[in-house]
Structures are given as structure tokens and as C-alpha cells.
Amino acid sequence: MARTEDLVVRELPDETLVYDVQRHKAHCLNRTAALVWRACDGHTSIPEIAARVSRELDLPNDEAMVQAALAQLGKAHLLAQGPPHTDRSSRRQALGRLGWGLAAPAVVSIIAPTLAEAVTCVAKADCENVGTCSQGPDQCCDRRPCCEKPKQKCVPQGGSAGGCGCEN
Amino acid sequence: MKTEGRLLGATLARILAGAWRPDPPALSLSAQDAAASVPYLLRTGAAGQAWWRVRRSEAATLPAAHQLQQAFRLQALHAAIRQVAVAEAATLLRRVGVEAVLGKGWAIARQYPDLALRPYGDIDLYVPEAEHRKAADLIENTNAGPIDLHRGFAELDDRHASDLLARSRLVELDGVPVRIFGEEDHLRLLALHLLRHGGYRPLWLCDIAVALETRSDRFDWDVFLGGSARRSRWAVCALLLAQRLLGASMLDVPAEITGQRLPRWLLTAVLDRWSSSSFVPQGMRAPMRSYVRTPLAGLRALLGRWPNGIEATVGLGGAFNDLPRLPFQVAECVRRAAGFLRSVRAVDFRGRRPQPSV
């Protein structure tokens with residue numbers, strides 16, 4: 001079943017973006033993965049989802065594709081429960097199907113370096129893990145709000161340590 | 001070095017030209033230019049706009065463009081999250097009878113074709129001085145997001161608060177009425193804010209361009225030009241910068257504005273600043289004493305504090321003319337150093353740190 005709590009979802013023309021508020025992770029779902037995810041309502045069976053995907057994307061009816069999507073969605077923690085159990089042979093079969101091309105389900109994490117104000121927040125531990133920076137703290141601390149305390153930002157620490165920390 | 005830097009600045013201007021429009025003009029971009037400009041675009045929040053321009057061109061397949069796309073995606077999510085916080089902040093203050101005016105941030109993002117094109121960090125709320133204490137106490141005692149609460153109206157303090165409030169407008173955000181500045185006041189605020197910070201973020205110049213091009217038929221240029229004549233001249237120069245660097249349309253803008261001339265040094269000052277990959281703006285810098293163990297980095301940080309001609313002139317309230325800027329820059333350094341010394345004297349060395357102001 002698809003998770004709905006603590007997620008921010010934004011639909012773009014060709015993909016669906018999901019931000020996990022609990023884990024502070026952003027994911028990008030292509031159309032196939034998004035269709036499968038939306039169909040996970042706790043009632044619809046895998047064959048029914050496969051039929052829906054086939055109909056909407058004009059693809060052959062393929063349950064293995066749904067299984068592959070569910071595996072990726074589960075790994076990204078976008079399902080309320082883990083994906084339904086599949087035996088190893090069917091997973092191998094799913095992974096082995098290269099013929100899906102662009103229709104292959106894809107759930108990818110969104111990571112962009114040095115985004116000053118584009119990312120929602122930084123986890124306190126990640127902020128502090130920058131450690132002492134040889135370039136000086138001006139260049140190290142990203143100044144995003146800290147996820148645990150949004151009023152605080154990841155800023156250079158005073159004193160001679162030269163690291164970053166969450167402060168007002 | 002200078003010429004090289006300005007080339008990067010010019011490349012950034014070329015990438016962002018028209019990027020605020022629903023269908024921006026096609027862009028051809030070499031892999032070399034993309035690689036050189038992407039770090040700066042990412043750092044200054046303009047990566048989403050760059051993606052908006054390259055997404056339908058051949059450059060979209062460049063490895064550097066992938067980073068722009070990722071930034072656009074993150075900014076799209078960020079916009080969805082932040083606008084909830086904006087609505088909450090407006091509701092929160094209204095509950096105690098404070099009608100704050102939202103400036104910059106979402107107030108300008110809403111004029112872009114997609115909110116993802118205009119990321120913002122703090123929520124800038126402006127309240128009359130008399131209501132500041134009440135608003136500040138409320139924000140302090142709640143779990144509101146990062147709100148930058150301004151006492152008074154910052155760069156617009158040459159105008160009467162009552163006039164600003166009378167011209168302000170209520171717009172809907174997820175069903176919540178949010179008060180924003182009148183469009184003339186907002187354009188002036190955007191222009192003066194850009195200059196106060198030395199014009200370092202290309203995104204802020206795009207803001208001016210989008211505000212110019214999406215202004216309503218009722219836009220009153222006399223209101224825009226009202227208040228301090230010197231500040232009005234600064235604001236006009238910011239509009240001319242948006243035209244010259246980004247191709248912002250000045251269609252139907254009065255001749256008393258389009259007929260003005262930019263000071264000779266202004267364009268190069270902006271391009272130089274855009275070229276500086278290591279520039280950190282005032283207010284976001286580490287205290288100088290945090291460099292004790294990294295003297296080389298400390299020297300770089302000291303040099304990075306040298307104000308450009310724009311922020312020096314605006315900081316000192318000087319005129320935008322063709323006279324050399326060096327005297328302003330030196331005087332601004334002296335002014336800041338004096339402020340720094342005052343803050344050091346005021347420090348309680350038993351635990352508090354000096355404010356990172358110089």
C-alpha cells in the first residue's frame with residue numbers, strides 16, 4: 001500500500017516528485033513507477049495494477065514490471081508495508097528484462113550538490129559532519145535550515161574549530 | 001583574470017536571459033560553458049531557471065545540465081513545502097492582529113510560470129515598527145519556520161508605512177489571504193535589495209525582470225519613483241541592469257526611466273561579482289576569529305569582505321554617477337570596521353560570540 005503520510009508530492013508533466021518529510025529524502029518517479037505507486041491502495045492486486053499500467057501507457061501486460069516497480073518503491077520507503085514477497089527467480093526475471101526501455105519503472109533519489117536555497121533542510125548530523133574544513137567555514141556550511149529545528153540554520157561555528165553546526 | 005571572470009558573468013547572463021518567461025528562447029550552450037557556470041547557478045539558486053531554458057535544447061543532454069534538472073526538481077518540492085509555511089506564518093500573525101506584508105520569496109515566485117523557478121529560504125515579513133515586538137514574541141514562542149521579521153519596511157523606509165499598507169494587496173495562497181506589497185513598492189524593494197547586496201545573485205535580477213514584464217496595466221510609475229530621489233535613481237539603474245544583462249522588456253516604460261544612463265562602472269561591477277565563485281555575502285559569513293587555525297583561508301575571507309562599488313555606494317547613501325568608486329569602497333570598509341569594533345567591545349566573552357557582521 002502506498003504511503004501517504006509525511007510525504008510532499010509534486011506532479012510534473014513527465015514525472016512525479018516525492019519528498020519524504022520523515023527521512024528528508026527526495027525521490028523522482030517516472031510515469032511507470034508513479035502509476036504503480038498511485039495504484040497501491042491496499043485493495044488492488046498486482047495483476048490489476050499491471051492491467052492498469054498496460055492500459056495507460058499502452059504497454060504489454062506485464063506483472064514483472066509491477067514487481068520491479070514495487071521493489072524500488074519499497075526500497076525508497078514509499079510503501080506503507082514492504083513490497084509483496086516475490087521469489088528470487090521472479091526478481092531475477094524482472095531485473096533481466098531489458099526490453100522495457102524507457103517504460104522501465106524508475107525511482108531515483110534526487111541529489112544535487114551545493115544547493116544554497118533549493119533544498120528544504122539539512123539533518124543536524126549531516127551539518128555537523130562537515131567537520132573542520134580547510135577552505136574555511138565560509139565555504140563549508142550550507143546555511144540551510146536544520147531539519148530538527150527549522151529556526152536554526154547550518155552555519156559556521158564560532159571559535160577556532162572551524163566546523164558547522166545548527167544555530168540561530 | 002578580470003576578463004575571464006566577466007566572461008563567466010556574461011555567460012550566466014546569456015543563460016538566464018528570458019528564463020523567467022513561460023516559453024523562454026532557445027539556448028545553445030557548449031559543454032565548457034555549462035561546466036563553468038553550473039556551480040555558480042547552483043550556489044545562487046538560479047539553477048532551476050537555467051534548466052527551464054535548456055530543457056528543450058540539445059544542451060539538456062549535457063552532464064552538467066543533469067545537475068540543473070535535479071535542482072529544478074528539488075526546487076519544485078521545496079516550493080510546495082515552503083508555501084505551506086508562508087500561509088501558516090500569515091495566519092499566525094493575523095491571529096494576534098498583526099497584518100504583516102510579505103516581500104520577495106513567494107511574493108515574487110508567484111509571478112514566475114512555475115514556483116520551482118524561484119527558490120527562497122527565509123520568509124520575509126515586514127511589519128510596522130509599532131507591531132514588531134508583538135510579532136517577534138509570537139514567532140519566538142511558536143514552531144514557525146525560518147521567518148525573517150523586518151522591523152519596518154527596510155529599503156522602503158523612505159515611504160510612509162500607511163501608504164505602503166494602503167497600496168498592499170491580499171492574494172490567496174491555498175485559501176489563506178496573504179498580504180503582499182503593491183506592485184510598484186515591490187518592484188522598488190526588489191531593485192534596492194539587489195543593489196544593497198552588491199547585485200551578487202543573478203536570481204534577484206531575474207526577479208526584477210519578471211516583476212517588470214508581468215506588471216499590470218494599472219502600474220503607476222510615479223509611485224515607483226516616489227520617495228527619495230537618490231534611491232529612485234538606484235532603482236532605475238537596477239531596471240536598466242535587468243534590461244542590459246538579461247534582456248528584460250522595457251515596453252511601455254516611461255522615457256524618464258529608459259532614457260537614463262547606467263554609470264560606467266555598474267555593469268562590470270555586477271559581472272565581476274557574478275564571476276566570483278568564492279564570494280560569500282554579508283550576513284552569511286563566518287566570524288573572522290573562526291579562521292584562527294586556517295590563516296590562508298582567513299586571508300581569503302578578509303579579501304572577500306572588500307565591498308564592490310554597488311554595495312559601497314548604497315551602504316553610504318552615495319550617488320550612482322560616473323565618478324570612481326574607490327573612495328566609497330574605502331569609506332565603506334572603514335564604516336564596517338568601526339561597526340565590528342563596536343560589536344567586539346560589546347561581547348560577553350564568557351560565552352557569547354560576536355555577530356558575523358564584517
Side-chain angles (χ1 to χ4, degrees), chain A residues 7-21 24-29 108-121 132-146 148-165 167-168, chain B residues 38-40 42-45 47-48 66-82 84-85 114-116 119-122 139-140 142-147 201 203 277-280 284-287 289-294 296-301 304 352-354 356:
Chain A
L7 296 179
V8 176
V9 181
R10 170 85 200 265
E11 305 277 355
L12 294 179
D14 297 321
E15 55 198 27
T16 298
L17 308 175
V18 183
Y19 182 74
D20 185 338
V21 179
H24 308 297
K25 301 275 184 206
H27 307 283
C28 176
L29 282 56
V108 292
S109 291
I110 307 174
I111 301 163
T114 334
L115 273 168
E117 290 189 31
V119 190
T120 305
C121 62
T132 304
C133 172
S134 60
Q135 297 166 292
D138 269 351
Q139 303 300 319
C140 304
C141 314
D142 62 15
R143 295 173 181 80
R144 282 181 282 164
C146 293
E148 291 83 352
K149 293 186 176 176
K151 279 184 185 172
Q152 298 185 341
K153 287 183 179 176
C154 182
V155 292
Q157 297 281 278
S160 56
C164 308
E167 285 188 9
N168 283 321
Chain B
V38 162
Y40 194 94
L42 286 167
R43 207 165 69 91
T44 59
H66 179 65
Q67 293 186 59
L68 300 178
Q69 184 180 22
Q70 293 287 59
F72 178 84
R73 288 167 169 161
L74 276 173
Q75 289 175 195
L77 285 169
H78 177 259
I81 295 163
R82 300 300 290 140
V84 174
D114 193 305
L115 288 170
Y120 50 94
D122 291 344
I139 289 168
E140 186 61 37
T142 55
N143 200 22
I147 293 175
R201 284 185 78 178
L203 185 69
S277 57
S278 60
F279 175 73
V280 180
M284 297 176 81
R285 296 165 182 159
R289 68 187 197 133
S290 62
Y291 289 100
V292 169
R293 290 188 184 175
T294 53
L296 266 178
L299 185 63
R300 273 200 301 272
R352 285 173 51 194
R353 293 181 293 112

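Keep in mind that this is a model prediction, so the values were computed, not measured. Reminder, nothing fancy here: chain letters follow the sequence lines and each chain counts from 1.
Using a 4.5 Å heavy-atom threshold, the side chains of B:Leu203 and B:Pro119 count as touching.
Ring-plane geometry between A:Tyr19 and A:His24 is classed as tilted, the angle between the planes lying from 30 to 60 degrees on a 0 to 90 degree scale.
Using a 4.5 Å cut-off between heavy atoms, A:Leu17 contacts chain B through both its backbone and its side chain. Interface remark: A:Val18 contributes backbone atoms only to the contact with chain B (heavy atom separation under 4.5 Å). When heavy atoms are compared at a cutoff of 4.5 Å, A:Ser109 approaches chain B solely by way of its backbone atoms N, CA, C and O.
Heavy-atom minimum distance, B:Gly121 versus B:Pro146: O-CG, 4.2 Å. In plain terms, the two heavy atoms of A:Asp20 and A:Leu7 that are nearest each other are CA-CD2, 3.7 Å.
Options B:Ala79, B:Gly48, B:Ala76, B:Ala85 differ in how many heavy-atom pairs under 4.5 Å they form with chain A, and the most are formed by B:Ala76.
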